[in-house]
Amino acid sequence: TGMDLWHILVLAVVRHTLDTNWDRLEHIANNDILTRKILGIQMESFVTQADEFSYQTIVDNVSLIDEQLLHDINALVVAHGQNLLKKKEDEALRLKTDSYVLQTNVHFPTDLNLLWDALRKGLDIVGKLQQETDLEGWRKIKLLRRKTKSIFRKTSQQVFRGRDEKQKKQRVQEYLRAAKSLQQRFSDILLNPPHGNSVVRIISLLSQLQQYNEYIKKLIDLTHRRLLGGETIEASEKIYSIFEPHTEWIQKGKHFPSVELGHLLLITTDRHHFIVDYRVMEKEKDASQVEPLMERLQTKFPGQKIYSHSFDKGFFSKDNYKSLTQAQVENIILPKKGKLNAEEKERESSKTFKALRNAHSAVESNINMLEHHGLNRCPDKGLPGYKRYVGLSVLAYNLHILGNRYCSVQA
């Protein structure tokens with residue numbers, strides 16, 4: 001209520017342009033005169049109560065923007081920027097593609113602290129059920145929480161800092177007994193649901209309790225197998241966050257950080273530094289992205305020539321080189337991993353290849369600028385929220401580039 005589509009888009013972009021939070025955005029929306037003029041709701045120096053936006057109104061409305069709409073708006077911004085800056089009518093594209101990890105808002109996972117996360121959230125839900133229903137048997141819930149947390153802390157210290165293997169196993173067994181006891185008590189609540197006045201609220205809480213109880217059961221099993229049984233857990237079975245279950249464990253060969261938690265984000269920029277294509281990669285590698293990327297680019301820029309397209313070594317494969325050749329890319333900058341044959345050595349030693357490969361580093365600068373528009377760590381929840389956050393940051397980045405380029409053209 002009280003917001004139209006323009007208000008929603010402007011405030012969403014302002015949040016990412018400033019890389020700020022919802023509280024500051026609410027303050028800007030209600031007190032910054034320039035922003036309110038852009039919104040079209042204040043042309044005078046005073047603010048009326050009717051023109052103010054509440055915190056929850058802003059959050060709820062901005063969360064309604066979907067991923068496809070942001071792709072469409074970004075395409076319009078990029079097209080306008082390219083038309084403004086191009087020197088020839090049939091100017092060919094000069095593209096650079098790279099990927100980096102956009103982190104999710106999670107802590108570093110261990111079996112022990114993930115199990116504690118699930119236990120404490122289960123206790124939180126039980127506390128809420130006590131207030132809403134006639135639930136009995138949980139009078140000492142605060143004491144139970146303190147005892148369980150104390151066991152978790154002592155177990156963590158022993159496992160990660162202790163040297164005595166026997167004591168480690170004893171601590172883990174004690175922690176698992178406490179977890180199993182709570183898991184059974186949560187299961188009893190689910191089998192015999194309490195009664196109360198707010199049926200919808202109670203059903204919602206029981207649904208959440210069931211979700212956390214399943215996590216507890218799963219994590220007890222993983223902890224027992226790994227810490228007591230010495231088993232190596234397959235990556236497909238591992239859980240990296242109970243709050244953001246879509247999170248991936250990514251190792252890109254960096255010295256620091258050696259491990260990042262989130263998703264790979266594929267970025268393609270042009271010679272004017274606009275992001276012409278982006279994609280969140282879900283359990284995918286760089287080398288699998290070239291062919292679908294070329295299909296998307298041909299859809300976005302039908303009939304437009306590509307003078308050059310550069311990648312790093314992580315994207316190399318013979319099939320990818322073939323796809324780029326079929327797309328009629330004039331200069332393919334796709335360095336090969338490993339030893340080169342005579343033909344490859346000649347191609348990668350050419351003056352044009354070296355110049356364009358050196359120019360590829362510009363995309364790293366673009367990624368750094370993108371991180372200053374919010375895309376360093378995503379605070380929004382869920383995979384849809386993650387993808388929406390990416391789209392809004394890319395839009396804020398492209399508008400920033402467009403503004404800078406427009407000012408330089410006018411000057």
Side-chain angles (χ1 to χ4, degrees), residues 96-115 117 156 159-161 215 218-219 221-223 225-227 229-269 277-293 310-320 333-339 357 360-361 363-372 374-383 385-387 389-390 393-394:
K96 307 171 188 69
T97 296
D98 204 351
S99 68
Y100 78 103
V101 179
L102 169 58
Q103 299 176 9
T104 46
N105 192 22
V106 299
H107 60 69
F108 190 85
T110 67
D111 293 331
L112 298 178
N113 66 29
L114 288 175
L115 179 54
D117 284 342
S156 293
V159 168
F160 296 111
R161 297 180 185 177
Y215 275 124
K218 172 75 172 175
L219 288 162
D221 177 60
L222 292 177
T223 304
R225 286 161 58 191
R226 192 176 72 83
L227 295 180
E231 185 179 337
T232 300
I233 307 298
E234 293 290 331
S236 58
E237 290 189 71
K238 291 180 181 178
I239 299 172
Y240 301 115
S241 173
I242 68 168
F243 306 112
E244 301 291 340
H246 59 90
T247 299
E248 298 176 32
W249 177 283
I250 300 172
Q251 293 176 285
K252 288 204 75 178
K254 296 179 181 178
H255 181 68
F256 182 82
S258 58
V259 171
E260 294 174 281
L261 297 163
H263 293 282
L264 283 169
L265 178 59
L266 187 74
I267 297 294
T268 300
T269 60
D277 184 85
Y278 65 93
R279 185 173 184 273
V280 174
M281 297 156 61
E282 300 176 54
K283 297 181 179 179
E284 297 171 302
K285 300 297 182 183
D286 289 346
S288 66
Q289 299 302 305
V290 175
E291 189 173 344
L293 170 61
S310 62
F311 302 84
D312 60 26
K313 289 184 178 181
F315 290 86
F316 181 82
S317 76
K318 290 182 179 180
D319 290 337
N320 287 343
I333 313 303
L334 187 61
K336 182 186 175 183
K337 294 179 181 177
K339 191 174 181 180
R357 187 175 180 183
H360 180 77
S361 60
V363 74
E364 299 290 347
S365 174
N366 300 144
I367 288 173
N368 182 261
M369 182 176 173
L370 195 57
E371 289 177 329
H372 286 279
L375 283 189
N376 182 35
R377 189 181 185 96
C378 175
D380 289 2
K381 296 186 180 295
L383 187 57
Y386 184 97
K387 291 181 177 180
Y389 193 83
V390 170
S393 286
V394 170

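Model, not experiment: these values are computed from the prediction.
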Discussion item. As a quick check of understanding, evaluate side-chain hydrogen bond (donor to acceptor under 3.5 Å, both in side chains) for N368 and S365, giving each step before the final call.
Written reply: CA-CA 5 Å; N368 182 261; S365 174; over 6 Å; no

Discussion item. Run the side-chain contact (heavy atoms from CB on, under 4.5 Å) test on L383 and E282 for me, step by step, so that the C-alpha distance in whole Å, both residues' side-chain angles and the decisive distance to 0.1 Å come before the verdict.
Written reply: CA-CA 10 Å; L383 187 57; E282 300 176 54; 3.4 Å; yes

Practice prompt. Quick one: do T247 and T104 satisfy side-chain hydrogen bond (donor to acceptor under 3.5 Å, both in side chains)? Show the steps, please.
Written response: CA-CA 7 Å; T247 299; T104 46; 3.0 Å; yes

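Side-chain contact between M281 and L265 is absent, with no heavy-atom pair separated by less than 4.5 Å. Counting heavy atoms from C-beta outward, Y100 and L370 have side chains that approach closer than 4.5 Å. Annotation: side chain of E284 is not in contact with side chain of L266 (no heavy-atom distance under 4.5 Å). Looking at Y240 and L114, their side chains never come closer than 4.5 Å, going by heavy atoms from C-beta outward. You'll find the side chain of T110 reaches within 4.5 Å of the side chain of F160, heavy atoms only. Under the 4.5 Å side-chain criterion, counting only non-hydrogen atoms from C-beta, T268 is not in contact with Y278. Side-chain contact between N105 and E244: absent, with no pair of heavy atoms (C-beta onward) separated by less than 4.5 Å. Using a 4.5 Å cut-off on side-chain heavy atoms (C-beta onward), E231 and R226 make no contact.
Residue E371 places its CD atom among more than 12 non-hydrogen atoms of other residues, nucleotides or ligands, all under 6.0 Å distant. Residue-environment remark: CD (E237) exceeds the threshold of 12 foreign heavy atoms within 6.0 Å.
Side chain of N320 to main chain of F315: a donor-acceptor pair is present (N/O by atom type, distance under 3.5 Å, no hydrogens or angles). The backbone N or O of V101 lies less than 3.5 Å from no partner atom in the side chain of K252, so there is not a single donor-acceptor pair. A donor-acceptor pair under 3.5 Å is formed between the side chain of E248 and the backbone N or O of K283.
By the 30° and 60° cut-offs, the orientation of the rings of Y386 relative to H246 is perpendicular.
Under 4.0 Å is where a charged nitrogen must lie from a carboxylate oxygen, and between E260 and R377 no such pair does.
Residues meeting the ring pair (Phe, Tyr, Trp, His ring centres under 6.0 Å) test with F108, sequence neighbours left out: W249.
Rounded to the nearest 0.5 angstrom, L227 CG and L222 CG are separated by 10.0 Å. Of the inter-residue distances, the one linking R279 atom CZ with Q289 atom CD reads 5.0 Å to the nearest 0.5 angstrom. Interatomic distance, CD1 of I333 versus CG of D312, reported as 13.0 Å (0.5 Å rounding). In this structure, the separation between OG on S393 and CG on L102 is 8.0 Å, given to the nearest 0.5 Å. Residue I250 holds its CD1 atom at 4.0 Å from CG of L264, rounded to the nearest 0.5 Å. Remark: I367 CD1 to K96 NZ distance equals 12.0 Å, nearest 0.5 Å.
Across every non-hydrogen atom of D380 and G385, the tightest pair is CB-O, 3.8 Å.
Just one residue in the list V159, I233, L112 forms a side-chain contact (heavy atoms from CB on, under 4.5 Å) with T223, and that residue is L112.
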